[in-house]
Every structure is written in C-alpha cells, then in structure tokens.
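One structure is given here, and the rest of the page talks about it.
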Amino acid sequence: MTSTPRDPAHDHAPPVQNLTGKILIAMPGMSDPRFERSVVLVCAHSDEGAMGLVLNRPLPEIGFSDLLEQLGIEADEDARPIEIRFGGPVEPGRGFVLHKVAEHGQDPEGRLRIGQALAMTTTRDILMDLAQGQGPEPAVLALGYAGWGPGQLETEMLANGWLTGEGADDLIFDLSHADKWQRALRAQGIDPSLLSAAAGRA
C-alpha cells in the first residue's frame, strides 16, 4: 500500500493487537489517494503482515452475471444479484467472497474465518453455488485486496493514517456506500465534520 519506510525506532514499540476482524478507517491525512475515505475490513493480521478488503468502493460497471460468464460459470434464473466491489489494488483479477458462516463447524479448503460468524472464501465452488441461487447469504464479492508487509500497517497507524474500529455487519454488507466512511467514524464516537475541519486547518 503506502510506501512509508519503517522507522527502526518503532521496532521496540509495544506490539499492536491482532486486528483480524476489525475495520480500518482512513484518516484525512491518508497519503495514498487509492484509500482516501476508505473503510477496510482486516481479514488477516500477523507478524508477517496483513490483508484486507475495502468495504466502500462498489464497481457498478461490473455485473455479477458478466463476471460469471467470463469465468465460464452458467447462472440460472435463481442466481442472486451479488454486489461487486474494489477490494484493493493487489491482484485485481482475483475474487474474494465475504459472507456469513455458522459460528461453529469446520472450514473447508479455501475459506478463511475472519470472526466467529464471518469468513472469506476464494474458491470457484462458492461462485457456482451463488450462480444457482444457493450459497451463503448475505455475501458480497471483492476484486483485489489491500496488502501490507511486516510492520507496515503498524507504521501507518503510528503515522495516524488509520483509525481502527469494530467490523459491524451493516458496514460490511450494507450496499449504501456514499456515507459509509462517515457512519464508520460515528460508530467510533467521532464527528466526521469535526475531523474534516481539523484536517483542513492542518
């Protein structure tokens, strides 16, 4: 993502908590224009880095049926209209389905559990199920993802690039994106208008 060099002085800083399942809210000072006012769900976070999916960048020019056709998957009349989003700039041709899951049970190959009842699946099987009107509900499909190398996300947070919060379902699956950044801030008790005004004076 951003190419901020790591400060060796931060190597001995207290470790940041595991942010898997949390959301990142871009602060007004975000230096990467691709992530301006973005809300990102952290799908995996460890010492080796992090990956996440942007939640508020729909791709209305790409229809789910068109995508299935490109993949050679035939959709029947029961196929649900699945929203497609820009998940991030890394591997933009790769699809990631965010969906709800049962809190208990085995996760098949290709599924990454993000929280107790949330998962990300990358297999062709889930697309075939959705094309037949089956599969998990709710579900959205993201193309590409946001990625950070070891310590990079922590560095960007220390530089005040991101605010963290809870990944509520309405932020993850809601199809209303115009005010999602503002709603994510308000959910953390922050008035977006005050934050924008402070950034304007900086």
Side-chain angles (χ1 to χ4, degrees), residues 1-3 22-28 30-44 50-101 110-112 114 118-148 153 156 161-162 165 167-187 192 196:
M1 283 214 350
T2 56
S3 56
K22 304 287 188 182
I23 60 168
L24 303 173
I25 307 167
M27 297 295 280
M30 167 57 65
S31 59
D32 191 330
R34 297 171 300 177
F35 294 94
E36 182 180 359
R37 292 199 170 199
S38 64
V39 181
V40 180
L41 174 69
V42 180
C43 300
M51 74 84 65
L53 298 174
V54 178
L55 299 177
N56 60 336
R57 294 280 194 278
L59 293 173
E61 66 275 14
I62 303 176
F64 185 55
S65 59
D66 296 331
L67 183 66
L68 291 175
E69 186 177 344
Q70 291 176 24
L71 295 172
I73 298 174
E74 186 174 347
D76 69 15
E77 59 184 16
D78 295 322
R80 299 201 313 272
I82 303 297
E83 183 184 61
I84 299 179
R85 300 173 179 171
F86 166 78
V90 185
E91 294 191 62
R94 188 176 177 192
F96 303 85
V97 179
L98 269 179
H99 58 93
K100 300 289 285 185
V101 289
R111 177 193 288 174
L112 173 67
I114 300 169
L118 183 67
M120 179 186 73
T121 297
T122 58
T123 61
R124 182 183 176 91
D125 290 347
I126 193 171
L127 295 177
M128 295 175 67
D129 287 343
L130 292 170
Q132 305 302 316
Q134 302 171 14
E137 190 175 2
V140 296
L141 189 148
L143 293 179
Y145 66 93
W148 295 264
L153 177 56
E156 291 181 9
W162 300 101
D169 283 358
D170 64 326
L171 293 174
I172 296 171
F173 294 107
D174 185 24
L175 305 185
S176 176
H177 300 290
D179 65 342
K180 191 171 282 190
W181 181 77
Q182 292 90 334
R183 284 189 285 130
L185 286 171
R186 290 192 190 99
S196 299

Contacts table for residues 81-101: side-chain donor-acceptor under 3.5 angstrom, sequence neighbours left out:
from: Glu83; atom 1: OE1; to: Arg85; atom 2: NE; distance (Å): 2.7
from: Glu83; atom 1: OE1; to: Arg85; atom 2: NH2; distance (Å): 3.3
from: Glu83; atom 1: OE1; to: His177; atom 2: NE2; distance (Å): 3.1
from: Glu83; atom 1: OE2; to: His177; atom 2: NE2; distance (Å): 2.9
from: Arg85; atom 1: NH1; to: Ile172; atom 2: O; distance (Å): 2.7
from: Arg85; atom 1: NH2; to: Ile172; atom 2: O; distance (Å): 3.0
from: Arg85; atom 1: NH2; to: Asp174; atom 2: O; distance (Å): 3.3
from: His99; atom 1: NE2; to: Thr121; atom 2: OG1; distance (Å): 2.7
from: Lys100; atom 1: NZ; to: Asp169; atom 2: OD1; distance (Å): 3.4
from: Lys100; atom 1: NZ; to: Asp169; atom 2: OD2; distance (Å): 2.8

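- Qualifying ring pair (Phe, Tyr, Trp, His ring centres under 6.0 Å) partners for Phe64, counting only residues two or more places apart in sequence or in other chains: none.
- Taking every heavy atom of both residues into account, Cys43 and Ile114 meet most closely at SG-CD1, 3.7 Å.
- In this structure, Met51 and Met120 have side chains that are in contact, with non-hydrogen atoms separated by less than 4.5 Å.
- Trp181 places a side-chain N or O within donor-acceptor distance of the main-chain N or O of Ala26, the cut-off being under 3.5 Å.
- Residue Met27 places its CE atom among more than 12 non-hydrogen atoms of other residues, nucleotides or ligands, all under 6.0 Å distant.
- Residues Ala44 and Leu112 come closest through the heavy atom pair CB-CD2, 4.2 Å.
- Note that the CG atom of Leu41 and the CG atom of Leu118 stand 6.0 Å from one another [nearest 0.5 Å].
- Residues forming a salt bridge (charged side-chain N to carboxylate O under 4.0 Å, His left out) with Arg111 (at least two apart in sequence, or on another chain): Asp107.
- Smallest separation of non-hydrogen atoms from Thr123 and Gly110: CG2-CA, 3.6 Å.
- A heavy-atom distance below 4.5 Å is not found between the side chains of Ser38 and Leu24.
- Considering only residues two or more places apart in sequence or on other chains, Asp179 meets the side chain to side chain donor-acceptor pair (under 3.5 Å) condition with Arg183.
- Across Leu153 and Ala50, no two heavy atoms sit closer than the pair CD2-CB, 4.0 Å.
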Atom pairs and distances, donor-acceptor, side-chain atoms in residues 71-79, under 3.5 Å, two or more places apart:
from: Asp76; atom 1: OD1; to: Asp78; atom 2: N; distance (Å): 2.9
from: Asp76; atom 1: OD1; to: Ala79; atom 2: N; distance (Å): 3.3

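- Remark: Leu127 CG to Asp125 CG distance equals 9.0 Å, nearest 0.5 Å.
- For Lys22, the salt bridge (charged side-chain N to carboxylate O under 4.0 Å, His left out) partners are Glu166, not counting sequence neighbours.
- Partners of Gln134 by side-chain contact (heavy atoms from CB on, under 4.5 Å), not counting sequence neighbours, listed by chain and number: Asp129, Gln132.
- For Ile126 against Pro136, the heavy-atom pair with the smallest separation is CD1-CG, 3.8 Å.
- Under a 3.5 Å cut-off, the side chain of Asn56 and the backbone N or O of Arg37 do form a donor-acceptor pair.
- Taking Phe173 as the reference, nothing meets the ring pair (Phe, Tyr, Trp, His ring centres under 6.0 Å) condition, with sequence neighbours excluded.
- For the pair Val40 and Ile23, the minimum side-chain heavy-atom distance is 4.5 Å or more.
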